[in-house]
There are 2 protein chains.
Amino acid sequence: MGIPKREVSSTASSRIYDTLRQDLINGRFTAGEKIAISALKERYEIGLSPLREALNRLAAHGLLIQENQRGFRVPSMERSELDDIAEMRRELEGMALERAIRLGDAEWESELLAAAHRLKRADMAPDKVEEWEHFHACFHRTLVAPCGSAWLLRFIAQLHDQFDRYRRMAPEAPEVRRVLDAQHGELVELALERDIKSARALMDDHIQRSYQVALQGVLSPA
Amino acid sequence: MGIPKREVSSTASSRIYDTLRQDLINGRFTAGEKIAISALKERYEIGLSPLREALNRLAAHGLLIQENQRGFRVPSMERSELDDIAEMRRELEGMALERAIRLGDAEWESELLAAAHRLKRADMAPDKVEEWEHFHACFHRTLVAPCGSAWLLRFIAQLHDQFDRYRRMAPEAPEVRRVLDAQHGELVELALERDIKSARALMDDHIQRSYQVALQGVLSPA
DNA sequence: TAATGAAGAAAAATCGATTGTTTGGTCTAG
DNA sequence: CTAGACCAAACAATCGATTTTTCTTCATTA
């Protein structure tokens with residue numbers, strides 16, 4: 001058979017980009033921290049060039065701050081910024097959901113049901129969080145996917161990354177979590193019924209509640 | 001005295017990034033073209049590393065397409081994409097203008113008048129286009145600046161880059177240009193009068209007309 | 001004692017060269 | 001004559017070393 005040269009066929013840049021993106025969203029770096037490039041180089045066992053390329057991309061996406069001649073730093077976490085991100089999510093995801101319900105076809109309905117089911121069945125045990133997060137992101141992506149605007153989807157994805165960075169920092173809130181999980185199912189129902197107005201209202205509420213949870217991460221000292 | 005080592009204090013990466021961004025927006029590269037990195041290296045007299053970092057940033061901003069293991073290419077220009085960009089501009093800039101009129105203070109009014117005046121006085125002679133474009137971008141940026149959302153401003157700036165790429169490809173349309181220029185002044189008036197509804201409607205019309213102009217660039221064989 | 005400036009150390013930016021992958025052409029077997 | 005495998009040239013990705021810049025510390029002077 002022959003040993004495959006690479007686990008996944010991608011460049012070192014792309015791989016380290018994905019890894020760092022995850023680690024940044026997961027809060028493995030402390031907010032405001034200065035990035036020591038040579039330290040990362042050893043920590044992730046990667047060359048300088050692909051690392052620098054990844055850092056540049058992350059900065060362009062807003063997950064890092066690039067200071068001319070002074071390297072990179074992890075963005076600080078401010079309540080005002082979370083407010084901004086949440087408000088933008090409400091506006092853009094509401095807009096996208098409305099269009100998706102208008103434009104989505106039967107295939108979309110199937111995929112939406114599948115994504116919702118995967119999310120529902122996913123375990124939230126501590127060691128399975130990554131998996132749950134993946135299904136959660138997929139669900140929200142599928143929900144708005146057929147909105148017809150590649151740029152809208154791009155912006156929403158960017159906001160999700162930013163929002164998740166705050167949410168994952170926050171302490172768990174099991175009772176709110178249950179409500180949020182239930183809302184995922186309700187969103188599917190409203191989408192299938194093509195009830196635009198109600199769906200948008202529910203999405204607004206969903207994001208607002210998530211925001212309340214995430215807010216605890218900024219307010220609490222941790 | 002001693003020769004200053006650098007005109008401006010910035011890195012080679014940042015300088016080549018700005019240059020390439022301008023050149024991409026100005027259509028100095030043909031749409032769909034494959035980027036020959038070593039050719040750029042010589043053309044701009046720059047090292048590989050800063051060049052690659054700039055290309056990575058541009059790809060993250062959507063001004064280049066990055067294909068795994070196959071370098072970069074200039075995005076193709078499709079009518080459907082221009083439609084998307086224009087529609088998003090209408091939505092986001094409308095939203096931003098509304099908020100700016102709500103939140104803008106006296107200082108904003110002054111800056112807005114100044115920006116509008118600079119734009120009005122700017123020459124559109126062929127060799128002064130760059131200057132006019134600069135003032136034009138500044139004006140639109142100032143108009144929505146106090147909207148209170150850093151992310152909204154970021155998205156709008158990104159859309160402007162994309163839109164301008166199409167607009168600059170289009171043939172000149174002097175009679176429409178006159179209308180568009182007049183609208184800049186009217187936008188200022190409505191903003192100072194805090195007439196949100198009319199301002200938003202005018203902004204919609206302004207973008208729609210610009211879109212009609214830009215559309216000629218995609219339709220015409222040029 | 002505080003402020004200023006210079007030297008040294010640390011870190012980022014950049015370069016030149018090497019390694020690995022893709023592509024397009026050519027040759028051979030069916 | 002066609003399909004598939006192989007080879008070589010071109011190009012992208014990556015590495016290690018060098019240069020440049022910034023930050024820190026310490027001595028000097030007002």
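No hydrogens, no waters, no symmetry mates; every other heavy atom, side chains included, goes into these values. Below, chains carry the letters A, B, ... as their sequence lines are ordered, and counting in each starts from 1.
Geometrically, A/R43 engages A/F29 in a cation-pi contact, judged by NZ or CZ lying under 6.0 Å from the ring centre and within 45° of the ring axis.
The bend of the helix from C/dT1-D/dA30 to C/dG30-D/dC1, defined by the angle between the axes of its first five and last five pairs, stands at 10° to the nearest 10°.
The CD-P distance, from A/E53 to C/dA12, rounds to 17 Å in whole Å. The nearest whole Å value for the distance from the CG atom in A/L51 to the P atom in C/dA13 is 11 Å. Across the protein-nucleic acid pair, B/E67 atom CD and D/dA12 atom P stand 11 Å apart, rounded to whole Å. If you take CD of A/Q69 and P of C/dA13, they are 7 Å apart, rounded to a whole angstrom. Across the protein-nucleic acid pair, B/R15 atom CZ and D/dT20 atom C1' stand 12 Å apart, rounded to whole Å. As a whole-Å value, the separation of A/I37 CD1 from D/dT21 C1' is 13 Å. Across the protein-nucleic acid pair, B/I35 atom CD1 and D/dA12 atom C1' stand 13 Å apart, rounded to whole Å. Atoms CG (B/L55) and P (D/dT14) sit 14 Å apart, rounded to a whole Å.
Between B/K34 and D/dA12, a side-chain N or O to OP1/OP2 separation shorter than 4.0 Å is present. For A/R52, a side-chain nitrogen or oxygen approaches OP1 or OP2 of C/dA13 to under 4.0 Å. Residue A/R70 places no side-chain N or O under 4.0 Å from the OP1 or OP2 atom of C/dA11. Considering only side-chain N and O atoms, B/S13 lies nowhere under 4.0 angstrom from the phosphate OP1 or OP2 of C/dA13.
For A/E42, the salt bridge (Lys or Arg N to Asp or Glu O under 4.0 Å) criterion is met by no residue, not counting sequence neighbours. The ring pair (Phe, Tyr, Trp, His ring centres under 6.0 Å) check on A/F135 picks up nothing, with sequence neighbours excluded. Taking B/Q66 as the reference, B/N56 meet the side-chain hydrogen bond (donor to acceptor under 3.5 Å, both in side chains) condition, with sequence neighbours excluded. Listed by chain and number, the residues in a side-chain hydrogen bond (donor to acceptor under 3.5 Å, both in side chains) with A/D83 are A/Y211 (sequence neighbours excluded).
Under the ring pair (Phe, Tyr, Trp, His ring centres under 6.0 Å) criterion, no residue pair touches residues 42-78 of chain A, with sequence neighbours excluded. Sorted by first then second residue, the salt bridge (Lys or Arg N to Asp or Glu O under 4.0 Å) pairs that include residues 47-72 of chain B, not counting sequence neighbours, are A/R52-B/E53, A/E53-B/R52, B/E67-B/R73. Under the side-chain hydrogen bond (donor to acceptor under 3.5 Å, both in side chains) criterion, the residue pairs touching residues 105-122 of chain A are A/E109-A/R194, with sequence neighbours excluded.
Salt bridge annotation for B/R99-A/E87: present, with a cationic side-chain nitrogen under 4.0 angstrom from a carboxylate oxygen.
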Enumerate all atom pairs, one protein N or O and one N or O from nucleotides 15-19 of chain D, separated by less than 3.5 Å.
| residue | atom | partner | partner atom | Å |
| --- | --- | --- | --- | --- |
| D/dC15 | OP2 | A/G47 | N | 3.0 |
| D/dC15 | N4 | A/S49 | OG | 3.0 |

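Closest contact between the side chain of B/T11 and the listed nucleotides C/dA13, D/dT14, D/dC11 involves C/dA13.
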